[in-house]
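Worksheet for the structure shown next.
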Amino acid sequence: MFEAEGRPKVIRLKMPLEGEMIVQDAIQGEVRFDYGVLQDMVLLKADGFPTYHLAHVVDDHFMEISHVIRAVEWLSSLPVHWQLWQAFGWAIPTYAHVPVMLNPNGKGKMSKRNPPRDAHGNIIPVLVHDYIASGYLPEAAFNFLANNSWNFGDDQEVYTPQEAVARFDLSGINPTNAALQIDKLDWYNGVYIRQLEPLDLARRLRPFLESSGYEVNVELLSALTPMLQPRLKRLSAEEVMAYAGFLFAEDFPPLPREVLLRGFKGDTATAGTALRSAGEALAGLAAFDAAQIERALRATAEALGMKPKEFFSLLRNALTGQEVTPPLFDTLPLIGRDESLRRLAEAAATLAG
RNA sequence: GCCCCCAUCGUCUAGAGGCCCAGGACGCGGCCCUUUCAAGGCCAAAACACGAGUUCGAAUCUCGUUGGGGGUACCA
């Protein structure tokens, strides 16, 4: 009669009206549902296409799927699927409903539709791809994720996928929903960055610098990378520049007095003397390498009766213009002897004038 | 509303009745190292949601409450 009237029709799965259904889940254990509250779900829509429920069971049967692993939000539809398997008379695969990832603040599940935000209101990435683009190493992301709702055991936090696979078992998954702790991802990332071969790190850093518009001198980057390695939290031009921007600047214009004297408590004349003395010491070196530079500069500081801290902060100001840099002994060779001497002389001149 | 799942430090977790006045990690605080920043080392603070049971004994078992999450579509 419906058809005669031209009305659309669907095909539903008839569920028992009463009784209790017991399903098995590898993580949640035995779950019970009253048939009374379960609906007759649509299997074929009016347009003739199957719903997920039908497609899932039919597809997975013919694809010989052994384990269905999905998030707990699917647990509610498990009875329908269970009933379908039984209706078809097919063997039911192992179901495992894993906990969902909660937003970092623990409120609501992670979703790209409503991305979480940090304390500053910035969007926190949701897609794995976005994490990679944000400078997180795949190996760090894996390790971090693996430690959510599961753990390696033996109080070991850092491990490889191979090690994890060897130990992993569905029954070891903690059914509790877990909030993502981005701070810990940052820590993992640092751990993995430090484990990289320096040249590998340099290679991975390069595209991030280039996409930010920096021209990369491969030799310089390779020499710089070991200094960056213990300091970087992520692969990002921003972090690299925070430490070594002075090596990437187009030119190095004269620095104002307040920059040159930043953090220095002594008088200007003393500062000027220190810079000139450092220049003289460096000029006389047989080789411009870290070991010789360190020996010469420490001797100079001692001769001047200055504490290393005040002496080196003056040099850092004059040579880099930055408050934070990798250790000077290592970075000076990257600046080069001539340019280093030029910067020291220029700074001394500024202070004298 | 109804149904389902979950519940240990701020966060991720260890813990499957006595080994726990609860262990590890991140973060936080302090100290050491130190030319700045990191890294590294050491120390500290920090939790069994609550209430009833069961038991000689409960973070571990049961029930309830509260809280959180999810589902209630001709979406996945």
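Model, not experiment: these values are computed from the prediction. Every chain is numbered from 1 and lettered A, B, ... according to where its sequence line falls, protein lines coming before strand lines.
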Can you check the [X] [atom1] to [N] [atom2] distance for me, whole Å?
| X | N | atom1 | atom2 | answer |
| --- | --- | --- | --- | --- |
| A:Met41 | B:rG71 | CE | C1' | 10 Å |
| A:Lys184 | B:rC12 | NZ | P | 10 Å |
| A:Leu196 | B:rA39 | CG | P | 17 Å |
| A:Trp187 | B:rA39 | CH2 | C1' | 13 Å |

Taking only the [atom1] atom of each, what is the distance from [N] to [M] in whole angstrom?
| N | M | atom1 | value |
| --- | --- | --- | --- |
| B:rC20 | B:rU36 | P | 42 Å |
| B:rC37 | B:rG69 | P | 41 Å |
| B:rG27 | B:rG70 | C1' | 29 Å |
| B:rA16 | B:rA59 | C1' | 11 Å |
| B:rU60 | B:rC48 | P | 12 Å |
| B:rG67 | B:rU62 | P | 22 Å |

Please state whether the phosphate of [N], meaning OP1 or OP2, lies under 4.0 angstrom from any side-chain nitrogen or oxygen of [X].
| X | N | result |
| --- | --- | --- |
| A:Arg32 | B:rC4 | no |
| A:Lys107 | B:rG70 | no |
| A:Asn147 | B:rU13 | no |
| A:Arg262 | B:rU36 | no |
| A:Ser76 | B:rU72 | no |
| A:Asn174 | B:rA14 | yes |

State whether the distance check finds a donor on one side and an acceptor on the other, under 3.5 Å, for side chain A:Gln28 versus base B:rC5.
no
With a 3.5 Å cut-off and just heavy-atom distances, do the side chain of A:Glu73 and the base of B:rG69 make a donor-acceptor pair?
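Side chain to base: no pair present.
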Is it the case that the ring center of [Y] lies less than 6.0 angstrom away from the ring center of [X]?
| X | Y | result |
| --- | --- | --- |
| A:Phe312 | A:Phe329 | yes |
| A:Tyr192 | A:Trp187 | no |
| A:Phe33 | A:Trp82 | no |

Taking pairing as Watson-Crick or G-U wobble with both contacts under 3.5 Å, can you name the mate of [N], or confirm there isn't one?
| N | answer |
| --- | --- |
| B:rA58 | none |
| B:rG64 | B:rC50 |
| B:rC20 | none |
| B:rG10 | B:rC26 |

Taking the nucleotide of RNA chain B with the nearest heavy atom to each, does A:Asp330 or A:Ser149 sit closer to the 5' end?
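Per heavy-atom nearest nucleotide, the more 5' residue is A:Ser149.
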Taking the nucleotide of RNA chain B with the closest heavy atom to each, which residue, A:Asp34 or A:Ser313, is nearer the 5' end?
A:Asp34
Any base atoms under 4.0 Å from [X], or only sugar-phosphate, or nothing? Heavy atoms, all strands.
| X | answer |
| --- | --- |
| A:Pro326 | base |
| A:Phe33 | sugar-phosphate |
| A:Thr176 | sugar-phosphate |
| A:Val31 | sugar-phosphate |
| A:Tyr243 | base |
| A:Ala46 | base |

Flag yes if more than 12 heavy atoms outside A:Glu30 fall under 6.0 Å of its CD atom; otherwise flag no.
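Atom CD in A:Glu30 is packed in, count exceeds 12.
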Does the plane of the ring in A:His81 sit parallel, tilted or perpendicular to the ring in A:Trp74? Use 30° and 60° as the thresholds.
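The rings of A:His81 and A:Trp74 sit tilted, inter-plane angle from 30° to 60°.
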Evaluate the criterion side-chain contact (heavy atoms from CB on, under 4.5 Å) for residue pair A:Val68 and A:His56; output intermediate values, then yes/no.
CA-CA 10 Å; A:Val68 177; A:His56 154 52; 3.8 Å; yes
Can you tell me if A:Asn114 and A:Ser111 form a side-chain donor-acceptor pair at under 3.5 Å?
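Distance-only check fails for A:Asn114 and A:Ser111.
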